[in-house]
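As structure tokens, the structure follows; a few thoughts come after it.
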Amino acid sequence: MKKVAPTNGRVLISGESGTGKELIAYAIHSHSQRAGGPFVKVNCAAIPENLIESELFGHEKGSFTGAVASKRGKFECADKGTLFLDEIGDMDMNTQTKVLRAIQEGEFERVGGVKTIRVDVRIIAATHQDLLGMIDEAKFRQDLYYRSTWFPS
């Protein structure tokens, strides 16, 4: 934690459920240059597949049934801070692709939106799953794995 906290690098924390991955993520955020910014948590396993895109990227009014108002997503809420993607291994492949683009480009569009929104977000992800095994089984994107992992220089 001491090495990665002061950097702006992305972090992947792995370990069994209940081992304190969220506490580690918060400690990294608290000791980073982004400590004054928001720490936004998303439990990817707890959000239904048909709602996760809206939760992460927000949506525009009328973009789907029940979207009675525009809503900011977690990426937007975490601007200038840290976005903690808990249980990233439970995210479906379609959402992984969109998250990868948001991480690489620092931009996204809300569901039903046409305006590109730019954000400056540090990603900390966590999982209890064997992501390398999931990559071999084509259940997790290899490029997202490498975009989620900090490599010291």
Side-chain angles (χ1 to χ4, degrees), residues 1-35 37-59 64 71-113 116-153:
M1 288 188 333
K2 287 180 181 180
K3 284 185 178 181
V4 74
T7 74
N8 211 18
R10 294 175 287 273
V11 179
L12 177 63
I13 303 166
S14 61
E16 296 300 317
S17 295
T19 56
K21 294 182 295 290
E22 184 177 326
L23 293 173
I24 292 170
Y26 186 73
I28 291 169
H29 168 76
S30 297
H31 292 90
S32 75
Q33 299 168 357
R34 294 176 181 266
F39 179 75
V40 178
K41 302 178 280 185
V42 179
N43 183 340
C44 300
I47 303 169
E49 189 175 314
N50 62 335
L51 296 178
I52 194 161
E53 186 178 346
S54 172
E55 190 68 22
L56 292 173
F57 304 114
H59 63 260
F64 55 86
K71 177 186 168 202
R72 294 173 58 202
K74 300 298 187 184
F75 268 89
E76 203 170 343
C77 292
D79 192 31
K80 306 290 186 263
T82 301
L83 178 61
F84 176 54
L85 298 174
D86 195 12
E87 298 306 346
I88 195 171
D90 291 344
M91 193 180 290
D92 69 271
M93 293 292 279
N94 185 47
T95 305
Q96 289 177 36
T97 301
K98 293 174 182 177
V99 167
L100 175 65
R101 181 182 179 271
I103 291 172
Q104 287 177 318
E105 306 298 326
E107 62 186 31
F108 60 90
E109 292 81 35
R110 291 181 181 162
V111 175
T116 299
I117 298 170
R118 293 205 50 78
V119 290
D120 176 16
V121 175
R122 180 185 197 174
I123 302 294
I124 299 178
T127 187
H128 71 280
Q129 303 214 35
D130 173 14
L131 294 185
L132 293 175
M134 290 178 69
I135 290 167
D136 290 341
E137 297 171 6
K139 293 181 179 177
F140 197 82
R141 292 184 60 106
Q142 184 176 24
D143 46 3
L144 180 57
Y145 175 80
Y146 288 108
R147 289 282 187 224
S148 302
T149 306
W150 180 69
F151 293 99
S153 49

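The aromatic rings of F75 and F57 lie parallel to each other, their planes meeting at an angle below 30°, with 60° marking the opposite boundary.
Closest of all the heavy-atom pairs between K3 and P6 is O-CD, 3.6 Å. Between R122 and S32, the closest heavy-atom pair is NH1-CB, 3.5 Å. Nearest approach of D86 to K21, heavy atoms of both residues: OD1-CE, 4.5 Å. P38 and C77 get closest at one heavy-atom pair: CG-O, 3.3 Å. Across every non-hydrogen atom of I88 and L131, the tightest pair is CG2-CD1, 4.4 Å. Pairing each heavy atom of I47 with each of V42, the nearest pair is CD1-CG1, 3.6 Å.
The CG atom of D90 sits 10.0 Å away from the CD atom of Q96 when rounded to the nearest 0.5 Å. One finds the CG atom of L100 at 11.0 Å from the CE atom of M91 (value rounded to the nearest 0.5 Å). The line from NZ of K74 to CG of D79 is 14.5 Å long, rounded to the nearest 0.5 Å. For the atom pair I124 CD1 and Y26 OH, the distance stands at 11.5 Å (nearest 0.5 Å). If you take NZ on K80 and CG on D120, they are separated by 5.0 Å, rounding to the nearest 0.5 Å. Separation of atoms CG (L144) and CD1 (I123) is listed at 9.5 Å; rounding is to 0.5 Å.
Here the side chains of E76 and F108 are in contact, with some heavy-atom distance below 4.5 Å. The shortest side-chain heavy-atom distance between N94 and K98 falls under the 4.5 Å cut-off. By the 4.5 Å heavy-atom criterion applied to side chains, Q129 and K139 are not counted as neighbours.
When atom types are taken as modelled, the side chain of T7 and the backbone of V4 share a donor-acceptor pair closer than 3.5 angstrom. At distances below 3.5 Å, at least one donor-acceptor pair connects side-chain atoms of H29 with backbone N or O atoms of G37. Looking at T82, its side chain never comes within 3.5 Å of a backbone N or O of A78 through a donor-acceptor pair.
For E137, the CD atom is densely surrounded, since the number of other residues' heavy atoms within 6.0 Å is greater than 12.
E22 pairs by the salt bridge (Lys or Arg N to Asp or Glu O under 4.0 Å) definition with K41, not counting sequence neighbours.
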- Walk me through it: do N43 and E87 pass the test side chain to side chain donor-acceptor pair (under 3.5 Å)? CA-CA 6 Å; N43 183 340; E87 298 306 346; over 6 Å; no

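Using a cutoff of 4.0 Å between basic side-chain nitrogens and carboxylate oxygens, E107 and R101 are scored as salt-bridged.
If you look at F140 and Y145, their ring centroids are not closer than 6.0 Å.
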